[in-house]
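First up is the structure itself, then whatever we jot down about it.
When a residue number appears, it is its place in the shown sequence, counting from 1. Side chains are part of it too, since the values below use all heavy atoms of this structure and drop only hydrogens, waters and symmetry mates. Just follow the structure's listing: the first ligand is 1, and inside any ligand the first atom is 1.
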Amino acid sequence: MSDKKLWSGRFSEPTDAFVEAFTASVEFDQRLYRYDIQGSIAHATMLAKSGILTLDERDAITTGLEQIRDQIESGNFEWSVELEDVHMNVESHLTKAIGDAGKKLHTGRSRNDQVATDIRLYMRDEIEIIRTEILRLQQALLDTAEREADTIMPGFTHLQTAQPVTFGHHLMAWFEMLDRDRERLADCNKRVNIMPLGSAALAGTTYPIDRHYTAELLGFDRPSENSLDSVSDRDFAIEFSAAAALIMMHLSRMSEELIIWSSAQFNFVDLSDSFCTGSSIMPQKKNPDVPELVRGKTGRIFGHLIGLLTLMKGQPLAYNKDNQEDKEPLFDTVDNLKGSLKVFADMIPAITCKHQSMREATMKGFATATDLADYLVRKGTPFRDAHEVVGKAVALGVTKGCDLSDLSLNELQAFSDQITDDVYEVLTLEGSVAARDHIGGTAPAQVRAAIERARQRLAAE
Ligand code: ARG
């Protein structure tokens, strides 16, 4: 027996079988069932309070919907493509279960405001989960940064050795990126948490509904101001998708660094075996699959953002079926973003730093050249002249194949008579990082202070 379509009154011919499957969304939008039921219970409660339903009808609807939720969760609910989407599947089952009261649930609403409400409820929950997952990754970074606050590594610009930095400082840079990401999501939620329900199909409804009450029941900040706008626009989903793209962009940059650092050429870190895989042909290989996959997934998340923007751009007001296409990219974004954050939060604390190797790499690239220039400036040499002097010293180091700190005092003094034997203090890596001792600088003391401030900031939230 086929399920009767809830909108079939004006139709005399059945839907083409292919069209039925082509237009159905139940296969993917069934994941919204909890929010659909939550929205319907609130709607029925409001209808009863406003005298549009009786209290008995409200109770029958509520109990019926709760049973349907249980059936879905225990796998005893049969989804039907003929019933097109999650909304009509649930409503049709409700009517089968409780009779006429079920037919009254859709009074004063439409699937257009219903689906917009469901997505917002779904996104509100997912944003919270994602923010918590970012926080977990941030905590992992704080702990690892604290452990590595004194670890010296080369800092790069143009991927060329620039100046010594501490690994803790580098990890705290990642922390800051994620802090903005988390804040962006909280901000996005302000525009997500607004209720379209009651906008009905597009123009509102003739029933004396109380949208403030429904909004309160559902924990929305307020009902939406304009019915045409709120059944139509998916800008809140696009905004979320943009925030997700930024998070993935950050994770991708981190991935790239982890991949480079774990190569034999850099040899700065060792990723735990549990986050790597081997090669079926080359026995020596340990591949950084997890960061590579996260870097790869970034592409599809960017793609979803462009997909959603394009989905929206040509739509006249108000609701159009185009919008059914918002769900799969959104769900895929949420799933992959959560997965990427989770795997990163688990992987970071398990990174081993190769301290000696990082140190040797820092020694190789004349990383303390700026320190020598600053030293000369402190002794009275104008900065541009100091730059020139140090350039010559570096050239000598290149010829001799040694670091600046390996040049003798005589060799250094040949470039400037202002150099004395205290110069070696600034040429050490520890001296170099310790000297960058101001807020935002790489000195271990500053890194520790930054970690402390970050911990306090998180605790105060
Ligand atoms: N499945 C639809 C969607 O996801 C629900 C709304 C359908 N509304 C309509 N008038 N056809 O957008």
Side-chain angles (χ1 to χ4, degrees), residues 3-11 14-16 18-40 42-43 65 68 72 77 79-95 103 105-126 192 194-205 224 226-238 240-241 304 307-335:
D3 284 305
K4 185 169 166 336
K5 297 201 187 319
L6 301 181
W7 43 251
S8 63
R10 66 101 75 201
F11 287 77
T15 321
D16 176 272
F18 180 75
V19 169
E20 185 170 82
F22 184 73
T23 52
S25 54
V26 64
E27 214 180 296
F28 49 84
D29 68 14
Q30 55 181 268
R31 92 149 73 181
L32 295 173
Y33 77 88
R34 257 191 308 132
Y35 304 106
D36 198 65
I37 289 171
Q38 186 187 1
S40 289
H43 180 65
L65 287 170
I68 289 175
I72 296 173
F77 185 91
W79 296 99
S80 150
V81 172
E82 287 167 27
L83 291 170
E84 196 178 320
D85 56 24
V86 59
H87 323 292
M88 293 199 288
N89 267 268
V90 170
E91 191 190 321
S92 172
H93 273 71
L94 179 70
T95 299
K103 292 188 191 163
L105 170 62
H106 213 50
T107 312
R109 75 170 186 190
S110 145
R111 273 186 300 152
N112 297 351
D113 57 342
Q114 193 179 349
V115 70
T117 303
D118 290 3
I119 303 171
R120 285 170 184 268
L121 288 170
Y122 161 79
M123 285 195 47
R124 185 175 78 185
D125 270 8
E126 293 296 348
V192 167
I194 291 165
M195 188 192 73
L197 203 60
S199 300
L202 75 164
T205 177
S224 60
N226 183 292
S227 61
L228 292 168
D229 172 44
S230 56
V231 293
S232 162
D233 210 339
R234 296 292 182 266
D235 60 349
F236 63 94
I238 298 174
F240 166 78
S241 181
H304 293 328
L308 288 171
L309 281 166
T310 314
L311 168 70
M312 204 69 239
K313 78 176 269 289
Q315 288 192 48
L317 288 171
Y319 176 85
N320 302 278
K321 182 80 166 176
D322 310 41
N323 276 346
Q324 183 164 292
E325 286 286 305
D326 63 354
K327 287 167 207 62
E328 286 162 294
L330 199 55
F331 296 162
D332 189 72
T333 298
V334 165
D335 293 344

Inset, instruction - Verify the distance criterion only: is there a donor paired with an acceptor across the side chains of D125 and Y35 at less than 3.5 Å? - result: yes
Inset, instruction - Quick one: look at D326 and ligand 1, take heavy-atom pairs under 4.0 Å, and tell me if it's side chain, backbone, both or neither. - result: neither
Inset, instruction - Indicate whether any N or O donor in one side chain lies under 3.5 Å from an N or O acceptor in the other, for S227 and S199. - result: no
Legend entry - Residue, atom name and distance, where the atom is the protein heavy atom closest to atom 9 (C) of ligand 1: N112 OD1, 3.5 Å
Inset, instruction - Say whether N323 and Q315, considering side chains only, have a donor N or O and an acceptor N or O under 3.5 Å apart. - result: yes
Legend entry - Distance-only donor-acceptor check, side chains W79 and E27, under 3.5 Å: no
Legend entry - Lys NZ or Arg CZ of R31 over Y122 ring: under 6.0 Å, within 45°: no
Inset, instruction - Between R111, M88, K327, flag the one that comes closest to atom 11 (N) of ligand 1 by a heavy atom. - result: R111
Inset, instruction - Would you check if there is a donor-acceptor pair between the side chains of T117 and R109 at a distance under 3.5 Å? - result: no
Inset, instruction - Distance to 0.1 Å, residue and atom name: give those for the protein heavy atom nearest to atom 1 (N) of ligand 1. - result: Q324 OE1, 2.8 Å
Inset, instruction - Tell me which protein heavy atom sits closest to atom 6 (C) of ligand 1, plus the residue, atom name and distance to 0.1 Å. - result: Y319 OH, 3.4 Å
Legend entry - Distance filter under 4.0 Å to D85 heavy atoms, resulting ligand 1 atoms: 1 (N), 2 (C), 5 (C)
Legend entry - Element-labelled atoms of ligand 1 that are located less than 4.0 Å from some non-hydrogen atom of S25: 1 (N)
Inset, instruction - Would you check the N or O atoms of H87, main chain and side chain alike, for any that come under 3.5 Å of an N or O of ligand 1? - result: no
